[in-house]
Amino acid sequence: MATTTDSLSTLRSIDPKLAAMLDHEAERQDSTLEFIASENHTSKAVMEATGSWLTNKYAEGYPGKRYYGGCEFHDQVEDLARDRAKELFGCNFANVQPHCGANANIAAFMALLQPGDRVLSLPIAHGGHLSHGLKPNFSGTFFEIHDYMLDAETELLDMDHVRDRALECKPKLIICGFSAYPRVIDFAAFRAIADEVGAYLMADIAHIAGLVASGVHPSPFPHADVVTTTTHKTLRGPRGGLILSNSEDIAKKIDRKVFPGSQGGPLMHVIAAKAQAFGEALDPSFRTYQEQVVANAKAFATGLTNHGFRLCSGGTDNHLLLVDLRNRDAELTGAEVESWLGEAGIVVNKNGIPNDPRPPMITSGLRFGTPATTTRGLREAEMQQVADWIERVVASGGSEASTIREEVRTLCTRFPLPH
Ligand code: DSN
């Protein structure tokens with residue numbers, strides 16, 4: 001049984017049914033390789049804070065201005081989280097209360113826009129996020145969404161095209177920052193376009209926040225008016241959201257739009273865990289970790305390419321890669337290979353590739369990320385090993401998955417989780 005569950009002794013004695021489910025999940029995480037680009041393994045300290053006394057308390061409002069008594073320690077915790085976030089990202093304002101990245105984006109939209117205002121963003125089918133304008137989402141429901149696309153040949157952002165689209169639709173907000181884009185984002189170029197058309201610029205750095213915090217990817221500051229992010233991907237904190245800005249005026253609006261605009265009581269136990277995670281990210285070792293995340297992604301990209309897999313945009317500069325399966329076999333789907341790899345203990349997600357003819361639940365691609373496996377200590381040699389396993393799984397039409405499952409299990413025992 002994974003050591004992760006040692007803190008469950010009480011639960012195990014009073015609710016063994018639920019405890020068994022959590023034990024099974026701990027065992028799953030311990031014995032599989034997590035290659036989902038948006039996931040990570042937090043430190044034990046982050047998990048302890050998430051499971052702490054602060055879960056018992058309402059703290060609607062902000063430090064010094066709460067709607068409930070008894071918040072003196074919550075004020076200290078939230079101030080600590082805000083101060084560390086500001087130091088980490090080099091900005092003047094932080095709101096640490098958003099429950100998740102989509103909530104952060106709701107508050108940012110509400111702070112910058114009126115319903116019906118025009119927004120220019122990359123659609124989810126090209127690597128954007130559902131909260132950047134997908135029709136069923138709040139963003140696509142209440143705002144007029146216009147899109148820019150990746151270049152059809154290179155699968156890269158084409159800033160001339162983004163500029164043309166901005167000049168055509170005259171948006172009030174331009175969004176950059178993506179969920180499946182493996183390359184560096186030129187925030188200064190986005191700023192220049194936003195200035196030319198009089199738009200706000202929002203950078204959603206949910207995926208690359210850890211790279212940005214450690215200087216491994218350029219910062220969206222001073223270019224973006226608002227920066228939103230999650231805290232649980234490359235940043236390796238608890239599941240949650242964060243909003244950053246340098247503008248006092250925008251910051252005041254964001255605070256109002258988080259609470260009472262779109263949320264009630266903040267998850268103070270999660271905010272405590274954010275404070276801990278930001279503290280960890282301020283340590284110089286975090287940069288070493290992020291550099292290794294990118295080095296591992298590049299090694300993994302090389303390994304897959306050498307096996308004949310096609311990578312969208314030809315490779316990666318960050319923590320993720322997007323594989324187009326069609327050149328291996330036109331019939332292969334992301335759903336099918338995700339399932340085979342899952343049987344082998346390599347956890348990934350099917351992902352549409354740019355201009356994918358298949359629907360999102362099938363797809364022609366897979367997205368891989370190296371943040372979680374880098375956390376547990378895998379390096380370039382193991383990335384090559386995993387690329388070899390993927391080749392064997394695909395070449396055998398999934399039939400070697402159960403054999404490889406045992407090899408993956410053995411590798412995992414050499415790289416224990418951080419708690
Ligand atoms: N669902 C996240 C991802 O996997 O990229 C984005 O919010």
Side-chain angles (χ1 to χ4, degrees), residues 29 32-42 98-109 121-140 145 150 155 175-183 185 202-212 217 220 226-244 262-263 267 270 274 277 293-294 297 312-313 316-323 334-335 337-338 341-342 346-354 356 359-363 365-375:
Q29 290 189 23
T32 58
L33 294 172
E34 181 53 74
F35 274 91
I36 292 177
S38 48
E39 297 185 10
N40 213 327
H41 302 292
T42 69
H99 301 330
C100 64
N103 278 32
N105 289 346
I106 290 172
F109 271 62
S121 61
L122 187 75
I124 195 166
H126 274 223
H129 189 252
L130 56 92
S131 63
H132 298 177
L134 193 71
K135 200 68 193 160
N137 184 261
F138 84 93
S139 50
I145 305 298
L150 298 181
E155 296 163 323
I175 301 177
C176 60
F178 315 104
S179 295
Y181 188 66
R183 298 299 187 175
I185 301 166
M202 178 176 124
D204 179 344
I205 61 166
H207 263 265
I208 57 171
L211 306 182
V212 168
H217 186 289
V226 173
V227 174
T228 59
T229 183
T230 55
T231 49
H232 50 270
K233 298 185 176 101
T234 49
L235 199 48
R236 207 164 59 182
R239 187 159 295 281
L242 171 68
I243 309 177
L244 306 162
S262 56
Q263 292 188 173
L267 307 177
V270 177
K274 288 175 185 173
V293 165
V294 175
C312 293
S313 85
T316 181
D317 299 324
N318 61 21
H319 64 297
L320 71 83
L321 29 134
L322 196 55
V323 175
V337 181
E338 175 195 292
L341 291 177
I346 300 167
V347 185
V348 301
N349 69 280
K350 57 187 166 293
N351 208 102
I353 57 168
D356 200 323
M361 287 302 285
I362 306 292
T363 81
L366 290 172
R367 188 184 63 166
F368 293 86
T370 53
T373 49
T374 305
T375 290

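Both counts, for ligands and for their atoms, begin at 1 and track the order of listing. The shown structure was predicted, so the numbers you read here are calculated from the model rather than taken from an experiment. Every heavy atom of this structure was used, including side-chain atoms; hydrogens, water molecules and symmetry mates were not.
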- Query: Heavy-atom contact under 4.0 Å between K233 and ligand 1?
  - Reply: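 Contact present.
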
- Output the distance between atom CZ (R236) and atom OG1 (T234), rounded to the nearest 0.5 Å.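 It comes to 10.0 Å.
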
- Quick one: does E39's side chain get under 4.5 Å of K233's, heavy atoms only?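 SC-SC contact between E39 and K233 ruled out.
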
- Query: Considering the options V323, T373, N351, which one meets the side-chain contact (heavy atoms from CB on, under 4.5 Å) requirement together with F368?
  - Reply: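 Option passing the side-chain contact (heavy atoms from CB on, under 4.5 Å) with F368: V323.
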
- Among I243, V227, T228, which one satisfies side-chain contact (heavy atoms from CB on, under 4.5 Å) with M202?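 Output: one option passes, namely T228.
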
- For atom 1 (N) of ligand 1, is the nearest protein heavy atom closer than 4.0 Å?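 For atom 1 (N) of ligand 1 the answer is no, since every protein heavy atom stays at 4.0 Å or beyond.
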
- Item | Closest protein heavy atom to atom 5 (O) of ligand 1, given as residue, atom name and distance to 0.1 Å |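 Protein heavy atom at minimum distance: H207 NE2, 2.6 Å.
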
- Task: Identify the two heavy atoms, one from C312 and one from P182, that lie closest to each other, and give their separation to 0.1 Å.
- Result: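 Minimum heavy-atom contact is O-CG, 4.0 Å.
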
- Task: For atom 6 (C) of ligand 1, state which one of E39, R367, H129 supplies the nearest heavy atom.
- Result: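 Looking at heavy atoms only, the winner is H129.
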
- Counting each atom of ligand 1 from 1 as listed, which ones have a heavy atom of S38 under 4.0 Å away?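 That gives atoms 3 (C), 4 (O), 5 (O) of ligand 1.
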
